[in-house]
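Convention: sequence-line order gives letters A, B, ...; per-chain numbering from 1.
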Protein chains: 2
Amino acid sequence: MAEVFQDPTRPVGERVDDLLPRLTLREKVGQLNQRLFGWTAWRRTGGRIATTDALDEEAERWGGLGAVYGLLRADAWSGRDWTNGADPHLSREVAATVQERVVTASRFGIPALFVEEAPHGHQALGSQLFPTSLGAAAAWRPDLVERAAAHVAREVRARGAHVAMVSALDVLRDPRWGRSEECFGEDPLLAALCTRALVRGMHTEPGIAVVLKHLIGQGAAIGGRNSSGAPIGPRELSEVHLAAARAGVDAGALGVMAAYNDIDGVPCVAHERLLTGVLRDEWGFEGIVMADMFAVDRLMRVTESPAAAAALALRAGVDLSLCDVSYTALERAVTDGLVAESYVDRACRRVLALKVRLGLLDEPAPLPAFPPPDPVSELVASTAVLLRNRGDLLPLTVRPRRVAVIGPNADDVRCLLGDYVPPLPPGAGTTVFEAVRAIVGDAVTTPGCTHLDAIDGGRERAADLAADADLVVLVLGGTGVRDYDDDFEANGAARLGGARPAATTGEGFDAAEVELPPAQRELADAVVAAGTPVVAVIVSGRPHGIGHVADVCDAVIYAWYPGPAGAEAIAGLLLGDREPVGRLPVSLPRSSAVLPVVYNERLETTLRYVDAHAAAEFPFGAGIGYTTWSVGPARASHDTVTTAALPGLSLTTTLANTGPRRGTQIVQLYARALIPGLLPRRAVHCGFTRVTLDAGAAETVRVEVEPDALPALGLDARSAGTLDFWLSVTGAGEPVDPVRVTLLAVHPDVVDVVAVGR
Amino acid sequence: MAEVFQDPTRPVGERVDDLLPRLTLREKVGQLNQRLFGWTAWRRTGGRIATTDALDEEAERWGGLGAVYGLLRADAWSGRDWTNGADPHLSREVAATVQERVVTASRFGIPALFVEEAPHGHQALGSQLFPTSLGAAAAWRPDLVERAAAHVAREVRARGAHVAMVSALDVLRDPRWGRSEECFGEDPLLAALCTRALVRGMHTEPGIAVVLKHLIGQGAAIGGRNSSGAPIGPRELSEVHLAAARAGVDAGALGVMAAYNDIDGVPCVAHERLLTGVLRDEWGFEGIVMADMFAVDRLMRVTESPAAAAALALRAGVDLSLCDVSYTALERAVTDGLVAESYVDRACRRVLALKVRLGLLDEPAPLPAFPPPDPVSELVASTAVLLRNRGDLLPLTVRPRRVAVIGPNADDVRCLLGDYVPPLPPGAGTTVFEAVRAIVGDAVTTPGCTHLDAIDGGRERAADLAADADLVVLVLGGTGVRDYDDDFEANGAARLGGARPAATTGEGFDAAEVELPPAQRELADAVVAAGTPVVAVIVSGRPHGIGHVADVCDAVIYAWYPGPAGAEAIAGLLLGDREPVGRLPVSLPRSSAVLPVVYNERLETTLRYVDAHAAAEFPFGAGIGYTTWSVGPARASHDTVTTAALPGLSLTTTLANTGPRRGTQIVQLYARALIPGLLPRRAVHCGFTRVTLDAGAAETVRVEVEPDALPALGLDARSAGTLDFWLSVTGAGEPVDPVRVTLLAVHPDVVDVVAVGR
């Protein structure tokens, strides 16, 4: 007869309670460790998979393992590629073989969690890759984020892994950050909606848990410098950074990752108030908290002893480490009296509960089949944001005779992918040049410059091609491409130092200047001078200053990193097969000198510098399509409201498609909260409604306040004042004809905070 | 017989208690108002001073007046100049005439406080002007700040005014801010020491109270944009921003000004926790809190009703408004029940107590005589920081035959002054060109470019002059010059908009790019190309990126705004009459793209961008003189210490002057606190010792931890861990051979915060 902990008919808690007391301290500490780089746990030998000494030693040391990270990871850092890595089929064998070794080492046959990177597709050979988070957010389509996530989850599970790590929680406040592409933008609401959808999608696969990266505030790191601190206050933290995490937890996320950064001095992995107070006591989170890679070890900058660092993180609420050496010292920490064993039990209980929930302690069930490819084309096509379209150049009314596809991103499929991706299968994917050529037949290409530098004669060759074409597609931006001979930090981030790597975005690739580099601006000038119409396509993971390019080119499309199917989608937009429907998920600054330019800073007295405007060049929410629109006056569903009742409030207006073709519009609802004693944010995005209308049609549109928007408004039950609401189809900005709603406190005796001194 | 409130033998409280209950609500509200622009209260007519209708109306309205701002202010905004303003002699008549009118209007003969701007000299005609705060801080000479302040106080009192407003509390965290020059730099300790000295100096004059500007955090305003919010946390606030204010209060400051900015959403003028909790309850402050100009009115952005805005500020702890219209609505606020009359009484008690303390309710005593001019030459000469000196060009060993003094600041005395200054007397002051010519005889000058733009042929003329000279002094930087036809905001800040004003620094002149403008860099290139040795002198109120100039010129002196006597001091440095002894009070960044670069950010994982280093180009504390030094190993006075005992700790080393001439060195003490659970600041400046040694001499130097350094270390009585201390004569940076000291908690049961879970 099976043990209680193996009995799937028993409640999770009961099963864990049965197992936990039987484990030794060492076995429990083993469950909290995830030290191995998974790709070092196995090798291909004679067509079969064998485990390594490294795995043997680690599994024997702990009598099993808590988790194994990156078993299937394939990229330049892991060194796994199509010659030595695991395709979908082989992945199952890798997982089974490694798991068998772990189970054998465990007195109770406890399997390890297999934890994989899957921020926009699984970082494993042969996986489906999607737009990075920032691009996905630009679609303003949480439903499609959900669909893509469900596909990723199915793939990950089909290979035999259990936990998918996905970037979602970082709110992008400084575009210099190399990891900008991993954020769902600068807006707490859009990030929350996308995170909620992501968790839903991931959890459609019963055997999969998602770990949301990162808790919290890394998007506000000073100077946009990776993993630097966020010296922000509790109100800024709560209003800007916590909404996405809260939404993810509410949606049932089973894991969050504690971030590298500190918040006002306290590192997130040592932040008991955050990891235990907010996350568990206030929000009721019941999953696991994983530390970011080597983040616990970084506490040794202060504590010096690995045991003390581990004790600090464990006490704060870190359950599972990631690669840290210090977490292996938890046994020592307990025996030395640095932390009570009850904290080890607390964490181990959570790890075991997750294993129970995911079925690891049940009889093994067959894995689902690896799903057929699904690029979620609608998501890919919806990420592109059209920002300029002079003289309605787009969509092209006449198929061009010859197109010159120019620029450093013109003919490189890898530049479409972003960070945290595996090598594509040989020959897979389509470059922008190839996609355009497939449509128009006659196309030519030249890079013109590199991402950062001019090429000898590059501008001249580009100008020549432009002059001889009747359309130029100028593909500029950045690249996250990693070479297998790049240097890496211990945590896989790119190491800057020696030879300059090819990439300009991604983890480790923070940039001081976010304006497009001079070499690219000069290329634009040279190409434009040829006199041929120019469509600029910005392919990048970072918000760039694109003002100069927007000034000189006829049309500008911001395409982010759309994934390997992105080029075909872009080519389709040019000819009007589809309309661009994306909207900016982040404000675009003119240059780094005017940062920050996020749309929802608090009111400022001046947005002028002596030498520049401080306003965004293109604000959050901006983007146009191929038709025109009119928006009628708005009215609110209520004249008065309480904070608790706010999500019941909506604004209604009449939207009309006044242009020549069917089109889609995103009607955005913004608010400014006027609460005595608090300086309001310029605007707070509260909700949006997507509407598709035929040419000439009109429709009544209602936009509701989303519950996920409440944190950004900074209200509580005692808040009283007024709320100005307005609708926009051009993005964030100053209120336009706002509708004023009275906000009543829930408790009548504190209706007016000004009156307390009465 | 005199009333109790008039009896100077009685305690202050008793006198106020006698007077306050006799005042009507209106009279009390009148004491809290400072609405008039003082320069509109009087006019010169037929050689005599007359009061205006504006004064009559205001005094009659309230039955007296709380305070009058800027009675003697002379500048472009007030429109007062040498043709229509008040020189020192006339000032006494102005003060007496206006006071007589106020006293007459008051049933109890209560005079008004006359409040004047005096940030680096009194902003009145004929006053002595000193270096701006940032320049004064560069001298690292609080004793000289004290001496200058004492002179200013004597002048202000001699003219019949009572309150001097001085910028001191803003800590410079973003050099884009136009008011950078008003800060004592980026370091909490240096700011605290200078503020303490300033208050001591001001209060040597018994009839003078200082109002310290601004409480608090405006130096951290986002984007360096004037009066924008500081979304910082409590630890950042306490460790970086509060130390100077605390020092000023401890030194007996009788006034502080509540700042424009919000802290994490709460405007300072509505911040009860700050103005009452911290300032009064924790620190024991007994003076007045004045709001910044129109800052209470700005609360109407949220409250809409003037009475509600006033009630909010009054409740929070604002005692005296500055020009706000809303504060006149306090009567209404009380009668409408928005705030209790007890709050009016509280504020009025403080204003009356200040008047009693300053002797306004005593029999008028004769004013002191206006003091003779005293530029405090040692302060002026000590502000200059030598940053480069290739081939020991300086001091010049041979008097040059001809010197070309080139640059936009070469021959303009007004560019030496900074913001908040009166017009100089006709013919007063010396330009750099004039000062150099006075020494070498043969000197020529040309601007070469404007502060921001090239001049047609300017570079060529400059290069020609350079080629024909045997030394070039290249005077670059910024300017705070205000023209009498500039536009101004309601609060006197420059208004940007129409025609570009001449200034590039000062209130309202925030700059996006802090690197010296291209026009100035190109001028440097052109001049250097002439082959003559070039000494660059940077005259500006802002930390600039000067890397290019430092790369191409032979020597670089950062001179700040040294005041009208500054040019002579600079000229004296060139010839070695004095040695440059200043040290940077703020880090110099390469450009705005890498901000922030302050020396005491918390530890970061990377200081590299893809395209730039994030480190300061010249760090806080940097600066060289005309000799060389060696510093021996350091030892600490204690191996263990508690937080409370930290100011008893010192480091000792042997300092030797290894160079060719007598010189002065500033030995700086830095610490890094290693406290489990907190990310340390890279370095915290804890104290310094100034040493002057003959060539070849050596001396034992002791540097003590200053009490004012404790806030920045972020320790409390329960803090335990280790402290690394080190000495530096090259400025802030990574620890070099640190001495490790054990920090013990005061309470043995919390010796180790990690062990709490035991």
Give me the atom names and distance for the closest heavy-atom approach of B:P234 to A:D264.
N-OD2, 3.1 Å

Under a 4.5 Å heavy-atom cutoff, which of A:G265, A:S227, A:P517 has the most pairs with chain B?
A:G265

Please state whether the side chain, the backbone, both or neither of B:E601 comes within less than 4.5 Å of a heavy atom of chain A.
side chain

Looking at side-chain heavy atoms only, is the closest gap between B:V610 and A:D510 below 4.5 Å?
no

Hey, which of A:A614, A:A673, A:A612, A:A230 has the most heavy atom pairs under 4.5 Å with chain B?
A:A614

I'd like to know if the side chain of B:D611 reaches the main chain of A:A511, judged simply by a donor and an acceptor atom lying under 3.5 Å from each other, with no hydrogens or angles considered.
no

Please confirm whether the backbone N or O of A:V594 pairs with a side-chain atom of B:R225, one donor and one acceptor, at under 3.5 Å?
yes

Under 4.5 Å from any heavy atom of chain B - which part of A:R298:
side chain

Flag the pair B:N261 / A:R602 as yes when at least one side-chain heavy-atom distance between them is below 4.5 Å, and no otherwise.
no

Which heavy atom of A:G677 sits nearest to which heavy atom of B:V302, and what is that distance?
N-CG1, 4.5 Å

Between CG of A:L607 and OG of B:S228, what distance do you get to the nearest 0.5 Å?
7.0 Å

Once you round to the nearest 0.5 Å, how far does CG of A:L674 lie from CZ of B:R301?
11.0 Å

Residue part contacting chain A, namely of B:I222, when any heavy atom lies under 4.5 Å
both

Contact leader toward chain A among B:S591, B:P596, B:A333, where contacts are heavy-atom pairs under 4.5 Å:
B:P596

Please check this pair: side chain of A:Y609 against backbone of B:G224, looking for a donor-acceptor N/O pair closer than 3.5 Å.
no

So does A:P231 get a backbone contact from the side chain of B:R235, meaning a donor-acceptor N/O pair under 3.5 Å?
no

What distance separates A:E604 CD from B:N226 CG, expressed to the nearest 0.5 Å?
10.5 Å

Under a 4.5 Å cutoff for heavy-atom pairs, which residue among A:A316, A:A593, A:A220 has the most contacts with chain B?
A:A593

Backbone N or O of B:L678 within a donor-acceptor pair of the A:D262 side chain at under 3.5 Å?
no

If we define contacts as heavy-atom pairs under 4.5 Å, which of B:A313, B:G223, B:A512 has the most with chain A?
B:A512

